[in-house]
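Okay, structure first, notes after.
Each chain gets a letter, A, B and so on, in the order the sequences are listed, and its residues count up from 1. All heavy atoms count here, side chains included; hydrogens, waters and symmetry mates do not.
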There are 2 protein chains.
Amino acid sequence: MRILLIEDEPALGDAVATHLKRSNHAVDWVQRLDDADAALRAVDYGLVLLDLHLPDGRGLDLLRQLRKADDKRPVIILTARDQIRDRIEGLNAGADDYIVKPFDLDELVARILAVQRRSAEKASPTFRAGNLTIDQAARKVWRDGDEVQLTAREWALLECLAQRAGATLSKAQLEEALYAFGAEVESNAVEVFVSRLRKKLGADAIHTVRGLGYRLER
Amino acid sequence: MRILLIEDEPALGDAVATHLKRSNHAVDWVQRLDDADAALRAVDYGLVLLDLHLPDGRGLDLLRQLRKADDKRPVIILTARDQIRDRIEGLNAGADDYIVKPFDLDELVARILAVQRRSAEKASPTFRAGNLTIDQAARKVWRDGDEVQLTAREWALLECLAQRAGATLSKAQLEEALYAFGAEVESNAVEVFVSRLRKKLGADAIHTVRGLGYRLER
DNA sequence: ATCCTCGATCAGTAAAATGCGCATTGGACC
DNA sequence: GGTCCAATGCGCATTTTACTGATCGAGGAT
């Protein structure tokens, strides 16, 4: 998991980056907020370590901005002992944890692991449709609470229907979603997979709209 | 989770106790330090709310005493706005958080939840999946109680699967996690390491979902 | 108009044929 | 020794084919 470290003090930043790398984490270290901004846009970090006092702006604003954009990636705040207000503002702004400088590097690693574990748990926005529960991130489906094993195509079809639950999708649309660009299929593939899904998920899971396509009721 | 409230002001104590009870917490309210002492001995509290100015002694001493006895239960300090010294001393003495009077009761509840979450995290850093026991912090794995030695890549792969145990992860996702930025691998590296992990951890440790990826059962 | 019949089209299912995705191995490279 | 790559063979998901069943509209009889 790749980590973004935002810290302007060279000594501390270097120490943290080195130690984390030694603990087998991939770390990018930036010293300014606008660099952080650019890095976040370019790379898919799994976690952010954020010092709140930076030369070109308030770290807190970066955090608020992230959360406002519905970005739920874990953020751990690095704060000095006397900046107690920051800590609390940080937590209120959506930080996942904080650690007080000067801190033990092993403790930081422990916190990182803890936060990652926690965020891995919460980050599964499952949604329900009839007697089905669908977890897109985990690629899982439950029927009446029992997990159902799907094959790749079956899942792709269900995912497509679920993403636009309530809407009727034409067979052409579904075909497009199933077969990555160009790979035309000249058969009733969609119907075949609808059939198999119905067998696994229940006959009334997918509603056919004759002449138009299929629909997953919300 | 049962909470001990140590607060001598009747109006505040009553308000806090009532509000917490309404938020489905079990609360015991004491007004004196020796009562608190007795209560702590008698009941297994999960969290302590501590006013530092009490008629029969300093709350700080109670806190220090707890920490000295290696008691790591979370403590939140209740303090007046002008008593800044107290807050800092409190944190140094091992408090987990503090809140300034007069405070919003809902904020107190939020703090309590945050602190509880954090302390629950510290407690059990190891987790189980089937016949495997995985300690992320120590980077160790046991199979049926016997420790298994893993290489760096093997561990990285297992860690990734473990962090999202139960979810199906695509090979692309696993590759991304294994190879920090840029170091693209154009081979069946993931498959190879899955194979080696299976050899070490048992054939059924990692489940393949054909066409989708791999999954570590919870 | 209403009802029924019939044919045509579209949808559902089963089962066989195909070919891709995966596991595994041995050897090269660092 | 750890990691990465290439080649092999196998098994299962996919795809196709072909058949059965469902639905609808047209048109004739009442």
Side-chain angles (χ1 to χ4, degrees), chain A residues 21-24 26 139-141 148-161 168-217, chain B residues 139-141 147-161 168-217:
Chain A
K21 277 171 190 161
R22 211 168 278 152
S23 320
N24 283 325
R139 288 186 241 268
K140 280 185 167 185
V141 204
V148 179
Q149 298 292 338
L150 296 186
T151 69
R153 293 293 200 244
E154 287 165 4
W155 171 258
L157 182 61
L158 179 63
E159 189 178 35
C160 188
L161 285 166
T168 300
L169 298 172
S170 73
K171 278 192 277 194
Q173 283 177 296
L174 293 170
E175 233 170 68
E176 241 173 85
L178 283 185
Y179 304 97
F181 195 58
E184 293 302 310
V185 181
E186 307 187 4
S187 76
N188 57 352
V190 173
E191 287 154 33
V192 170
F193 281 105
V194 168
S195 168
R196 306 185 63 168
L197 273 179
R198 285 210 254 246
K199 201 183 276 181
K200 287 187 176 181
L201 303 177
D204 50 354
I206 299 172
H207 189 233
T208 85
V209 186
R210 201 183 165 81
L212 290 177
Y214 297 91
R215 174 168 64 195
L216 187 71
E217 297 300 342
Chain B
R139 289 173 194 282
K140 284 184 175 181
V141 205
E147 187 175 349
V148 178
Q149 296 296 336
L150 296 185
T151 69
R153 296 289 189 217
E154 287 165 4
W155 171 258
L157 182 61
L158 180 63
E159 186 180 37
C160 190
L161 285 165
T168 300
L169 298 172
S170 73
K171 278 192 279 194
Q173 284 176 297
L174 293 169
E175 231 169 70
E176 241 173 84
L178 283 185
Y179 302 97
F181 195 55
E184 292 301 309
V185 181
E186 307 186 7
S187 78
N188 55 354
V190 172
E191 289 155 34
V192 170
F193 282 105
V194 167
S195 174
R196 309 191 64 167
L197 273 178
R198 286 210 254 246
K199 208 178 274 179
K200 288 187 177 180
L201 303 176
D204 50 353
I206 299 172
H207 189 232
T208 73
V209 186
R210 203 183 162 82
L212 289 177
Y214 297 91
R215 169 196 302 194
L216 186 70
E217 296 301 340

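Going from atom NE2 of A:His207 over to atom C1' of D:dA22 covers 14 Å, rounded to whole Å. Whole-Å rounding puts the B:Glu154 CD to D:dG2 P distance at 8 Å. Following rounding to the nearest Å, A:Leu178 (CG) and D:dA13 (C1') show an atom-to-atom distance of 14 Å. As a whole-Å value, the separation of B:Leu150 CG from D:dG1 P is 17 Å. When the C1' atom of D:dA13 is taken as reference, atom CD of A:Gln149 falls 14 Å away, rounded to whole Å. Atom CG of B:Leu197 and atom C1' of D:dT3 are 14 Å apart (whole Å).
Counting non-hydrogen atoms under 4.0 angstrom, B:Arg198 reaches the backbone sugars and phosphates but no base.
Expressed to the nearest 0.5 Å, how far CH2 of A:Trp155 lies from CD of A:Gln149 amounts to 11.5 Å.
Considering all non-hydrogen atoms of both residues, A:Tyr214 and A:Lys171 come closest at CE1-CG, 3.8 Å. Here the closest heavy-atom approach between residue A:Leu174 and residue A:Cys160 is recorded as CD2-SG, 3.7 Å. The nearest pair of heavy atoms linking B:Leu157 to B:Val190 is CD2-O, 4.3 Å.
You'll find the side chain of B:Leu158 reaches within 4.5 Å of the side chain of B:Leu201, heavy atoms only. Residues B:Arg215 and A:Lys140 have side chains in contact (heavy-atom distance under 4.5 Å, counting atoms from C-beta outward). Considering only heavy atoms from C-beta on, B:Leu150 comes within 4.5 Å of B:Leu197 through its side chain.
Heavy-atom contacts of chain B under 4.0 Å fall on DNA chain C between two terminal nucleotides, which in 5' to 3' order are C:dC20 to C:dT25.
Taking side-chain N and O atoms only, B:Thr151 has a distance below 4.0 Å to OP1 or OP2 of D:dT3.
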Interface polar pairs with nucleotides 18-20 of chain D, N/O, under 3.5 angstrom:
residue: D:dA18; atom: N6; partner: A:Asn188; partner atom: ND2; Å: 3.2

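Each of A:Thr208 and B:Glu191 was matched to the nucleotide of DNA chain C holding its nearest heavy atom; the match closer to the 5' end belongs to A:Thr208. Toward the 5' end of DNA chain D, the nearer of the two residues B:Arg196 and A:Ala152, judged by each one's closest nucleotide, is B:Arg196. When the nearest nucleotides of DNA chain C are assigned to B:Ser195 and B:Arg210 by heavy-atom distance, the more 5′-ward of the two goes with B:Arg210.
Distance alone, capped at 3.5 Å, is enough to place a donor-acceptor pair between the B:Arg139 side chain and the A:Ser23 backbone. Panel note: side chain B:Arg198, backbone B:Ile206; a donor-acceptor pair is recorded below 3.5 Å.
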